[in-house]
Amino acid sequence: MDPENYDPEGDLMILNLGPQHPSTHGVFRVKLWLDGEVCIKAVPYPGYLHRGVEKLCEKLSYVMITPIVDKNDYVSPFINELAINMAFEALNAVETPRRANYLRTLGAEMQRVGSHLLWLGTFGLDMGGALGGGASVFMHCFRERELILDCFELWTGSRFHYNTLTVGGNRHDVPAGFAELVRQTYTLIGQRADEYDAMLVDNAIFRARTKGVGTVDAKLAMELGVSGPILRASGIDWDLRRDRPYAAYNEVKLDVPVRYEGDCFARYEVRMAELRESIRIVLDLIDGIPEGPICALKPVKLPGAYKGKVGQAYAAVEGPRGELGTWVIADGTDKPYRCKIRPPSYHAVSLIPYLAPGNNVSDIVVTLGSLDPILGEVDR
Amino acid sequence: MAVDESGQAFTHPLYNVMAQLPGVSLGLTTADQLLTWGASNSLFVFPMATSCCGIEFMAAACGRFDLDQMGTIARGTPRQCDVMVIAGTITVKMAPRVKKLWDQMPEPKWAIAMGSCAISGDFYRDIYSVVPGVDTFMPVDVYVPGCPPNPDQLFAGMRRLQEKIRMRRNGEWTEPELRPETFGFKSPNLPRIGDPRREASLDEAQLDAVINLDPGGGLRRPDPKGSL
Amino acid sequence: MSVILENPWLLGAVAGFVVINAMMVTAAWSIWFERKFAGAMQNRPGPTQVGWAGLLQPVADLLKLIQKEDIVPTNADRALFNLAPPLGMILVLAGLAVFPWAPGWVPADLDIGLLFILSISSLITIPVWMAGWASNNKYALLGGMRAAAQAVSFEVPLLLSALVPIILGGSLRLGDIVAAQADGRWFALWPPGPGSVAFVLFMLASLAEANRIPFDIPEAESELVAGITTEYVGMKFGLIYLAEYLHTAVSSLLGATLFLGGWDGPGPDGIHWLLLKSFALFAGIFWVRWTLLRYRADQFMALCWRVFVPVSLACVAVAAVWRVYA
Amino acid sequence: MTVPDDVTRLLAERFGLESGDPITVSRDRVVELGGALKEAGFTYLVYVACAHYPATDAEPDRTVAEYRVRRLPVDEVAFRVWVPTGESTPTLVPVFAGCDWQEREQFDLVGTIFAGHPDLRRIMLPEDWEGHPLRRDYDIATRHHPWR
């Protein structure tokens with residue numbers, strides 16, 4: 001339906017959801033044409049956090065880029081670092097040591113748990129409001145997330161924005177006592193995940209708000225390039241970690257959860273199953289990390305000392321939100337010629353014009369929350 | 001560089017009469033202190049959370065730290081807030097919105113620039129689309145440096161703000177906030193609010209951009225000749 | 001003393017003063033209580049810094065709110081915008097006039113006390129809608145419209161479930177209804193069935209009337225920013241907020257009076273029992289609030305018309321049969 | 001990432017192109033190639049990315065637009081078109097709906113013009129922005145009155 005030619009039994013109302021709105025997960029603006037409270041048309045306007053990261057990547061040398069991409073998807077910085085460094089390694093055909101691969105896998109899975117916890121909290125906030133049950137879900141999720149941040153702080157020295165990966169391997173080795181801390185933390189989170197399920201899945205209101213809401217068609221999702229939990233909730237059994245293993249994923253047992261409904265509830269189920277799966281992987285990995293060096297290259301003293309080869313490469317990892325890829329063109333200098341980051345959230349957000357029409361404002365908020373967009377990554 | 005405010009002193013006739021009555025000044029002082037105590041202990045926050053620092057702000061509001069301890073809760077509407085915490089990078093596209101939300105907040109209001117992006121733009125400061133620090137278009141009371149600052153650093157910033165409110169209300173001179181400059185900060189050299197080098201045309205242009213934010217969105221420039 | 005007791009005007013004034021002030025103070029500190037309560041549920045301490053255990057937090061909030069600049073949006077309907085918060089407060093407080101606090105302690109002992117309270121509490125929709133309409137804000141307008149739709153729908157189960165104690169007690173006077181429940185024969189417990197179901201329905205419908213989670217869609221923070229209060233500043237916002245708490249308090253008082261026997265209880269009867277019961281209901285409402293998520297507008301409208309109304313009608317029928325034959 | 005055999009055959013028989021990573025295709029056949037790949041099962045659009053190459057002695061000022069599509073689970077094909085500055089390349093929105101936002105973004109940042117795109121507006125930068133920031137000749141610290 002075209003808002004211009006819509007039968008005006010009354011006027012349509014234009015509602016600007018955002019850019020500063022409690023539940024747009026950052027600075028995201030959707031312009032809604034409303035008939036009563038039912039949306040007729042939705043036009044998203046991203047770009048309120050466009051920080052020119054890709055331009056900045058062209059101006060910085062390879063080893064200086066890692067802390068920049070930390071800030072893209074600020075909920076899972078480790079996986080950002082992994083994605084961009086894998087692209088540089090593919091470009092230069094650098095083989096990372098086995099221990100580094102294991103540590104990268106471990107860090108990525110630890111980070112995925114934290115990211116999904118934050119998603120669950122904000123999803124609850126979208127449905128329950130800041131002054132209600134949603135806030136309780138949010139606070140409890142953040143309680144566990146703090147424990148994860150503690151683990152990372154012990155490992156890398158920073159709560160987030162670690163700057164711990166580099167071309168060829170890792171910067172920081174895990175400290176003594178790390179394995180015990182991680183084991184305790186993730187065992188605890190595994191128990192708490194059951195409590196969240198008890199609080200949400202057994203709740204009639206949660207089911208009523210999410211079942212049948214925001215159904216994503218798998219064919220459309222693939223054309224739009226939507227990936228990750230959203231695609232898996234629509235019945236496409238595809239996971240980069242299993243289908244194109246990177247780091248140490250070919251040595252890790254991995255079950256990929258799939259749901260077929262494609263609605264918000266299916267996305268919730270997929271994410272919770274992934275959360276449990278990641279916890280299991282972390283607990284499996286933490287004792288079996290092989291000994292050895294953590295970086296294949298000698299650390300460079302000058303940022304410009306590291307020169308890339310000529311060529312282009314694309315490397316992708318499975319982030320918490322889907323396929324996080326980097327396409328890089330190199331011209332032989334110490335800086336990339338062009339560095340395109342393929343953010344999963346940008347593709348997910350492009351679903352909004354298809355999902356919003358016919359729903360009312362409450363459902364649009366829930367749908368947006370279930371897509372889990374991170375605006376730093378959408379706008380870059 | 002103390003400002004001479006004697007010409008702007010508050011001289012209400014009724015106040016002058018009342019001030020001479022015995023005991024009134026004592027009562028007024030007490031009432032004033034009470035109001036100051038209230039204002040500094042109930043700071044509702046408008047979270048202008050755009051990026052990473054917004055996550056740390058959320059962490060500060062949550063269990064381990066809990067901003068509610070000092071009576072601070074976050075509200076979604078600028079009308080009911082006293083402090084705007086600018087947590088994250090502000091881009092050229094977002095800046096008019098931030099300014100508008102800041103203008104919508106009722107006085108007395110304060111602003112905290114949380115994180116180096118909000119303070120100076122951090123390493124994005126040279127980027128074409130990033131505003132090099134929010135103090136180029138709005139006043140900032142407290143700077144909380146860090147990338148992102150830990151939640152306890154935000155708490156320290158809130159304490160600093162409380163102290164500042166008390167000192168200002170009591171008429172004590174507070175040092176102007178030192179802007180944490182990053183090393184070798186050269187460009188872009190945009191004059192800050194309160195900088196004498198700042199041109200009036202810049203203010204005018206920023207005001208224009210805020211008022212003409214969304215054409216057709218029901219906003220219009222107030223008619224200078226029209227009545228309220 | 002006797003002068004006051006003999007003069008109805010003076011008696012009304014004194015009683016009103018006492019009741020209103022007591023309720024306002026209670027409402028203010030119930031906000032502190034709710035913050036501590038929410039903190040306990042969420043693994044955080046809640047207010048701790050302002051006064052002992054944060055007890056002075058409501059005072060600080062109040063002092064801050066009265067200092068704020070008063071903003072009326074440019075294109076707002078000025079008169080309605082300014083009228084809505086005090087009107088809401090007045091209407092909530094007016095309902096308190098007919099409460100039987102203890103045997104003989106009734107500020108205004110109306111024959112139709114229950115009818116008065118219910119009609120007054122349904123009027124509260126009007127200031128809420130006024131606030132939404134006059135703000136000239138789209139979020140507020142949506143909130144106001146939601147509030148109107150919600151209140152009109154939930155009036156029906158509220159009134160029907162309130163019919164049960166009327167039928168069982170045989171009077172519209174609140175004092176008589178309480179007296180009919182003397183000696184532990186509370187309507188929520190006896191006769192088994194209609195009373196207890198009607199009690200649950202009454203409390204749920206009251207939640208909807210007072211815009212509480214899970215029915216708080218007029219002020220849905222995650223969707224409508226702050227709903228009807230989006231444009232309200234300072235003490236006007238404070239009044240709306242306080243009126244909401246007072247409305248919740250009145251609802252729990254009414255629930256305790258109609259279904260839980262009011263001042264009746266083991267040992268000496270008196271106001272302490274009423275306060276204890278209504279406080280328990282009040283805390284229960286908070287518990288619900290900080291546990292549940294929010295329904296969508298059409299979903300709980302369906303809940304109202306498909307579940308609440310038929311069930312409350314059945315309760316009325318069973319109560320009537322009980323009344324005639326038992 | 002090697003190109004699968006059926007795509008190599010398809011390219012040789014129908015288009016007379018060499019396979020490679022990426023495949024270079026002329027502007028007038030890019031829509032046809034996209035459609036053929038979609039029929040061959042490449043329904044997943046990974047990304048559309050452009051890069052700017054300033055004028056050299058041999059080549060004029062131009063941009064390259066690279067499309068990457070995927071047949072789940074593993075097969076991947078990337079094909080690219082060269083677009084001289086000032087000219088346009090046909091859009092792939094009719095083939096892949098996801099090209100809508102992707103091409104808009106690349107138009108906004110790099111300045112490649114996609115002819116026939118339904119909604120070719122700026123998406124990241126304000127509507128009144130001048131220039132395309134990811135071009136090599138664009139200064140990173142371009143002033144934008146009044147906010148910087």
Side-chain angles (χ1 to χ4, degrees), chain B residues 30-44 46-47 59-83 101 103-110 151 155 158-159 162 165 169 211 214 217-223 226-228, chain C residues 31-32 34-36 38-51 53-54 56-75 78 135-140 219-238 240-241:
Chain B
T30 315
D32 206 39
Q33 279 181 354
L34 203 64
L35 290 175
T36 307
W37 172 81
S40 64
N41 274 315
S42 163
L43 295 169
F44 287 10
F46 182 70
C62 286
R64 188 183 286 186
F65 305 97
D66 194 12
L67 277 175
D68 198 15
Q69 283 196 59
M70 50 201 290
T72 295
I73 54 177
R75 296 285 304 175
T77 163
R79 298 287 193 201
Q80 294 149 15
C81 297
D82 314 298
V83 190
L101 288 164
D103 290 343
Q104 282 177 342
M105 282 170 62
E107 292 279 356
K109 57 188 174 186
W110 299 275
F155 269 82
M158 296 292 287
R159 288 276 180 242
Q162 286 186 335
I165 293 169
R169 288 286 187 92
I211 288 172
D214 283 314
L219 305 165
R220 55 191 166 76
R221 189 179 250 286
D223 185 4
S227 60
L228 272 176
Chain C
I31 295 176
W32 169 84
E34 171 155 26
R35 282 164 86 164
K36 289 301 252 190
M41 287 186 70
Q42 296 170 348
N43 275 31
R44 60 191 178 87
T48 54
Q49 306 281 310
V50 189
L56 292 180
Q57 192 61 56
V59 182
D61 286 348
L62 186 84
L63 287 174
K64 192 249 343 211
L65 284 174
I66 59 175
Q67 296 175 65
K68 296 298 279 187
E69 180 191 6
D70 188 27
I71 294 176
V72 180
T74 313
N75 293 331
R78 220 186 163 83
S135 296
N136 188 34
N137 181 304
K138 286 164 183 172
Y139 291 116
E219 206 205 314
E221 299 93 3
S222 60
E223 297 148 21
L224 303 183
V225 184
I228 49 164
T229 63
T230 304
E231 293 285 352
Y232 277 95
V233 180
M235 207 53 218
K236 286 183 202 161
F237 158 67
I240 294 183
Y241 207 65

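Side chains included, hydrogens not; waters and symmetry mates left out as well; all remaining heavy atoms used. Chain identifiers are assigned alphabetically (A, B, ...) following the order of the sequence lines, protein sequences preceding nucleic acid strands; residue numbering begins at 1 within each chain. Quick caveat: nothing in here was measured; it's all calculated off a predicted structure.
Both the backbone and the side chain of Asn41(B) come within less than 4.5 Å of a heavy atom in chain C. Contact annotation for Asn43(C): only backbone heavy atoms (N, CA, C, O) come within less than 4.5 Å of a heavy atom of chain B. Contact annotation for Leu56(C): both backbone and side-chain heavy atoms come within less than 4.5 Å of a heavy atom of chain B. Neither the backbone nor the side chain of Leu67(B) comes within contact range of chain C, judged by heavy atoms closer than 4.5 Å. In this structure, no portion of Arg64(B) lies under 4.5 Å from any heavy atom of chain C. Contacts of Ser40(B) with chain C are absent, with no heavy-atom separation under 4.5 Å from either backbone or side chain. Interface residue Gln67(C): backbone and side-chain heavy atoms are both found under 4.5 Å from chain B.
Checked by atom type and distance alone, the side chain of Arg79(B) pairs as donor or acceptor with a backbone atom of Gln104(B) at under 3.5 Å.
Here the closest heavy-atom approach between residue Tyr139(C) and residue Thr230(C) is recorded as CB-OG1, 4.1 Å. When all heavy atoms of Ile31(C) and Tyr241(C) are compared, the pair lying nearest together is CD1-CD2, 4.1 Å. Between Ala60(C) and Val50(C), the closest heavy-atom pair is CB-CG1, 4.2 Å. Scanning both residues, Trp110(B) and Met105(B), for their nearest heavy atoms gives O-CE, 4.4 Å. Minimum interatomic distance between Cys81(B) and Pro106(B) (heavy atoms only, all atoms of both residues): O-CD, 4.0 Å.
The most heavy-atom pairs under 4.5 Å with chain B, out of Gly46(C), Ala226(C), Pro73(C), come from Gly46(C). Ranked by non-hydrogen atom pairs under 4.5 Å with chain C, the options Ser42(B), Gly38(B), Pro108(B) are led by Ser42(B).
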Val59(C) vs Trp37(B), side chain to side chain contact (heavy atoms under 4.5 Å, CB included): CA-CA, chis, key distance, verdict: CA-CA 10 Å; Val59(C) 182; Trp37(B) 172 81; 4.1 Å; yes
